[in-house]
2 protein chains.
Amino acid sequence: MTIHLADAGGSGTLAPCPHDYQVNCGNCRLNGICLPLALESGDIQQLDDIIQRSKPLQKSQHLYREGDGFQSVYAVRSGTLKAYKTTDDGREQVTGFYFPGEIVGMDGISNNSHASSAKALETAAVCEIPFTSLEKLSSLMPNLQRHFFQLMSREITEDQQLITLLSKNSADERVAALMLSISTRNARRKLSSTQFRLPMSRVDIGNYLGLTVETVSRVFSRMQKMDILRVDNKEIQILDVHGLQSMANLGS
Amino acid sequence: MTIHLADAGGSGTLAPCPHDYQVNCGNCRLNGICLPLALESGDIQQLDDIIQRSKPLQKSQHLYREGDGFQSVYAVRSGTLKAYKTTDDGREQVTGFYFPGEIVGMDGISNNSHASSAKALETAAVCEIPFTSLEKLSSLMPNLQRHFFQLMSREITEDQQLITLLSKNSADERVAALMLSISTRNARRKLSSTQFRLPMSRVDIGNYLGLTVETVSRVFSRMQKMDILRVDNKEIQILDVHGLQSMANLGS
DNA sequence: GTACAGCCTTGACGCGAATCAAGGACCAGC
DNA sequence: GCTGGTCCTTGATTCGCGTCAAGGCTGTAC
C-alpha cells in the first residue's frame, strides 16, 4: 500500500499541488453554476489558466484565517466550508456555509486581509483564484467582470436576508429557513432536495442562526414531532415541504 | 419670485436635473472618501462625465423601491438615506443607513433588480452612477475596478458585522455600537465625533438593530443615567467614549 | 394662541430562548 | 471488548426583551 498524499494534516495554508487532479473549468460539472457561468469556451480556457488547484483540505483544516493577507478567492469544488468570525470573548459567529459551486473569500477584498476565517466541515476541494489575475482578466472580459460583480452583490443580498432572519424571526423560523436554503442549493446541484446529510454540527447551526445548541436541538425535535422532518443525527429528510415553508414564514 | 424647481414633490424616481448644481467630482469635498478615491485627476474627469446629478430628494422620498429595475448605484452627496426591506407581514427591516460619501444600491446588481428600497431620512442629494457606464469605465481603469470591488466587499464585511451584532449582542451593546459607528463616520467627514443629530427615528434604529422602539428608548435612558450619553431627542452628545466602547463590547 | 398627529418615554406583565444541569448516543483509539 | 471525548437531547429555571398600555413632548397647521 502506497501513501500518495505527502504533507497531510498540516494546519496552515494550502500547499501547491503537483498534479491537477484532471479537473478544469471546461469539464467541471459545476461550471453551470460557478464562476465560468456565462463565459464562452475560449474565455473559460483563459479563466482556467489562472486557477490553481491544490490537494483537498481535511476536515477542520483552515483555508484561511481572519487577518491573513488576502490573495485569492476560492470556488468550492467538493465538500463544505464554513466562514466564521471569533468575537473577543471567544464566541464564534458563523457568517456562511459554502457548498460546491459557491465562492468564498470575497470579504477579504476590502482591506486586503480576510475579515473572517474559513474552515472545512468535511474533506473539501477548492479552486484557488488569485485575485490580481482575476482583476486583470475581468478588465479584458466584460462578462466575467459583470458576473463577479453579481456574485459579490448576491453575497450582499444573502447577508441581508440573514440579517432579517436574525432580527425578525423565531427559532423555528430560522431553522426552517436554513433547511429550505440547503434544500434549494442541493437542487441547484442536481442532488435530492428532500434528503441530505448536514455537513455542519448543531453548534455551527446555532452559531449561524444566533441560537444555542439546545434550542436548535429542540426545534429539530419539534419539527420531527410535527412530521415536517425526519431527523436522524445529521441525516435529514423533508417530509412536508409546504409545512416547512409555512414554518419558515419568510418575508417578501 | 421665480420658481426654479419644476416637478417638485414627485414620489417616483429621480427626474433629470437641467443644471448641475455646480458640483463635480473634482471639486467635491467628499472625493477623498467617495468613489473617486485613488483616481488621478484625468480619470476623475472621466468618472465625472458618466455621473448624473439631479435635484435633491425630499424627506421620506424614495430613491428606488424593492423590485425596481436596477440601473444605477448612487453616491450620497448630502443628507442621509436608509435602505430597508418589507417583510410579508408588513414589518420593516432596515439594512443600512447611508451617509454622505457612501454608496447605496449595490444589492441590485445580482438580479438586475433592487433587493431593498432606499428612502431619504431628510433632504438628501445623490450622484447617480449608471452601472453599465461604470462597468465600461472599470474595464479601462484598473484602479476604479479595484476600488469598486473594495466598496462591495466592505458592504459585505459591514453586513457581517451587523449579523454578529444581531446574533450575539444585547440591546445595550447594539445601540452603543451604532452610536460609535455614526461617530466614526462623522469623523471621516471631519464632523464632530462626539456631538451630532441623529437623522433617523427611534423606530428606524429599532428596525435596524432588531429591537423595539421601547427598548431603544430604554437603552438611551439607561446610557443617560450612566453619564455615557446626553440625549435630547435626536441630539446626541457622547460624554464618555470609553464607557460607550466598553458598553458596545464588540468582538474582534 | 389651540388642536392634532407623530414621536418618544416609562411602567407592568408575559413569553421565548438562554442558561444550567444531567444523561444518552456515537466514534476513535486502545 | 472498554474508555474517553465529542456531539446531541431533554428538563428545570432564569432573564432579557417584546407586548400592551398610558401619558408626555414636539412640531405643524390653523
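Here the structure is a predicted model, which is why all the values come from computation and not from measurement. In what follows, chains carry the letters A, B, and so on, assigned in the order in which the sequence lines appear, proteins first and then strands, with residues in each chain numbered from 1.
dC8(D) atom C1' lies 13 Å from atom CD1 of I236(A), rounded to whole Å. Computed from coordinates, the D89(B) CG to dT19(D) P distance equals 11 Å when rounded to whole Å. Straight-line distance from the CG atom of N233(B) to the P atom of dG6(C): 16 Å, rounded to whole Å. Atom CG in D172(B) sits about 11 Å away from atom C1' in dC17(D), given to the nearest Å. Atom CG of N169(A) and atom P of dC15(C) are 21 Å apart (whole Å). Straight-line distance from the CE atom of M223(A) to the C1' atom of dC8(D): 17 Å, rounded to whole Å. At whole-Å resolution of the value, CG in L209(B) and P in dC17(D) are 12 Å apart. Rounded to a whole Å, the NZ atom of K59(B) is 12 Å from the C1' atom of dT28(D).
Overall, the helix from dG1(C)-dC30(D) to dC30(C)-dG1(D) carries an axis bend of 40° between its ends, with five pairs at each end and the value rounded to 10°.
Using a 4.0 Å heavy-atom cutoff across all strands shown, K234(A) reaches sugar-phosphate atoms only and no base atom. Residue contacts for G206(A): at a heavy-atom cut-off of 4.0 Å it reaches no nucleic acid atom on any strand shown.
For S183(A) (side chain) and S193(A) (main-chain N/O), a donor-acceptor pair under 3.5 Å exists by modelled atom type.
Within 6.0 Å of CZ in R29(B) there are 12 or fewer heavy atoms belonging to other residues, nucleotides or ligands. Applying the 6.0 Å contact sphere to CZ of R154(B) captures no more than 12 heavy atoms from other residues, nucleotides or ligands.
Applying the side-chain hydrogen bond (donor to acceptor under 3.5 Å, both in side chains) test to every pair with at least one member in residues 93-108 of chain B, sequence neighbours left out, gives these pairs: S167(A)-Q93(B), K168(A)-Q93(B), Y98(B)-E155(B), E102(B)-R185(B), D107(B)-S116(B).
The salt bridge (Lys or Arg N to Asp or Glu O under 4.0 Å) search around E158(A) returns none, not counting sequence neighbours.
Between the side chains of T87(A) and D89(A), at least one donor N or O sits under 3.5 Å from an acceptor N or O.
Mapped onto DNA chain C by nearest heavy atom, G210(A) and D232(A) fall at different nucleotides, with G210(A) at the one closer to the 5' end.
Annotation for L30(B) and G101(B): closest pair CD1-N, 3.7 Å, computed over non-hydrogen atoms. Minimum interatomic distance between L211(B) and R174(B) (heavy atoms only, all atoms of both residues): CD2-NH1, 3.7 Å.
E92(B) and K119(B) are not joined by a salt bridge, as no carboxylate oxygen comes within less than 4.0 angstrom of a charged side-chain nitrogen.
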Worksheet item: So I182(A) and F99(A), side-chain contact (heavy atoms from CB on, under 4.5 Å) or not? Walk me through it.
Response: CA-CA 9 Å; I182(A) 294 175; F99(A) 290 91; 4.1 Å; yes
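Near DNA chain D, meaning a heavy atom under 4.0 Å from it, residues 194-202 of chain A has S201(A), R202(A) in order of number. The stretch residues 212-222 of chain B comes close to DNA chain C through E214(B), S217(B), R218(B), S221(B), each having a heavy atom under 4.0 Å from the strand.
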What pairs of donor and acceptor atoms, side-chain ones from residues 228-239 of chain A against any protein atom, are under 3.5 angstrom apart with sequence neighbours left out?
from    : atom 1 : to      : atom 2 : distance (Å)
R230(A) : NE     : Q237(A) : OE1    : 3.2
E235(A) : OE2    : R197(A) : NH1    : 3.3

